[in-house]
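Each chain gets a letter, A, B and so on, in the order its sequence line appears, and its residues count up from 1.
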Number of protein chains: 2
Amino acid sequence: MSHFNPKTNRKFAIRAMKRSLETIEYKENTEALAKFAKALGHPTRIAILKHLESQSCCFTGDLVDVFPLAQSTVSQHLKELKNAGLIQGELKPPKIKYCINQDNWKIAKSLFQDFFD
Amino acid sequence: MSHFNPKTNRKFAIRAMKRSLETIEYKENTEALAKFAKALGHPTRIAILKHLESQSCCFTGDLVDVFPLAQSTVSQHLKELKNAGLIQGELKPPKIKYCINQDNWKIAKSLFQDFFD
DNA sequence: TTTGTTTATCGCCAATAGGCGATTGATTTT
DNA sequence: AAAATCAATCGCCTATTGGCGATAAACAAA
């Protein structure tokens with residue numbers, strides 16, 4: 001089936017257009033995995049997590065010293081890792097000690113494992 | 001150490017400001033892992049890869065039928081997966097058959113494995 | 001109470017991502 | 001040669017990301 005576009009003087013295919021306004025239904029693990037992956041999708045955040053793994057825990061300020069980034073930028077990355085559930089902050093006033101969230105870390109680990117067979 | 005801001009009538013801390021215009025040096029694997037993770041950071045792309053795993057291979061059109069997304073949108077996701085090296089396209093004119101790129105898949109798998117201990 | 005220390009948040013900006021319809025280009029089929 | 005099929009790309013739009021400096025908020029220390 002085709003139609004004619006007088007403006008361009010060309011044929012064009014009729015296509016059934018779609019709109020994803022009907023929010024897509026994914027299998028449950030799909031979105032969880034994508035969320036973890038997205039949080040890991042920046043080299044600075046990978047590096048932060050590696051640092052937390054080796055140090056077990058650390059303060060925001062420690063990371064600011066490690067990376068050539070503004071304090072606000074580091075804080076923003078920490079926020080994203082926290083929102084994804086990969087880390088957690090413990091108040092040690094006036095500092096905050098960040099650690100890997102072991103429960104979610106295990107979940108993420110197994111989601112990636114399953115995904116890659 | 002602190003200074004005084006006459007505009008706001010407040011003290012403020014002096015902070016050594018940083019600029020990351022000096023492009024950051026990460027360990028090699030860090031950026032590779034982040035790149036893979038970024039490509040996996042969208043549920044549609046996860047779903048596409050799961051589909052490719054189960055079917056071994058498929059055409060763009062098949063995916064357009066599976067997802068309630070426009071053909072151009074699906075094509076865009078495929079492009080990103082291809083750029084990340086996770087899939088590859090084989091010409092079967094006039095179609096294109098997409099498959100998992102097994103070599104890079106193995107690399108990604110081991111990077112994630114190592115990362116999660 | 002004031003000062004200093006530490007971290008989060010705000011406002012701004014530029015760049016990227018994600019979605020779409022329309023179009024193009026390649027290739028088969030008729 | 002003409003028509004149909006298929007996938008990539010273009011242009012457009014909006015939303016999100018990533019960076020920064022400045023400010024605010026919380027608390028310890030003096």
Using whole Å, report how far [atom1] of [X] lies from [atom2] of [N].
| X | N | atom1 | atom2 | answer |
| --- | --- | --- | --- | --- |
| B:Lys95 | C:dT28 | NZ | C1' | 12 Å |
| A:Ile96 | C:dA8 | CD1 | C1' | 8 Å |
| B:Glu90 | D:dA8 | CD | P | 14 Å |
| A:Leu91 | D:dA26 | CG | C1' | 9 Å |
| A:Phe59 | D:dA28 | CZ | P | 13 Å |
| B:Asp65 | D:dC6 | CG | C1' | 12 Å |
| B:Lys35 | C:dT16 | NZ | P | 15 Å |

Note to self: Side-chain N or O of A:His77 versus OP1/OP2 of D:dG19: is the shortest distance under 4.0 Å?
What the structure shows: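 Yes, within the criterion.
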Notebook entry, point to check: Does D:dA8 have OP1 or OP2 sitting under 4.0 Å from an N or O in the side chain of B:Tyr98?
Noted result: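 B:Tyr98 to D:dA8 OP1/OP2: side-chain N or O found under 4.0 Å.
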Note to self: Membership question, hydrophobic clusters at under 4.5 Å side-chain separation (ILVMFWY): are A:Leu86 and A:Phe59 in the same one?
What the structure shows: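 Different hydrophobic clusters.
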Please write out each protein N/O paired with an N/O of nucleotides 9-17 of chain D under 3.5 Å, distance rounded to 0.1 Å.
| unit_1 | atom_1 | unit_2 | atom_2 | d |
| --- | --- | --- | --- | --- |
| D:dT17 | OP1 | A:Lys38 | NZ | 2.9 |

Margin query: Using side-chain heavy atoms (C-beta onward) and a distance below 4.5 Å, is A:Asn29 in contact with A:Phe115?
Written below: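 No. Closest side-chain heavy atoms not under 4.5 Å.
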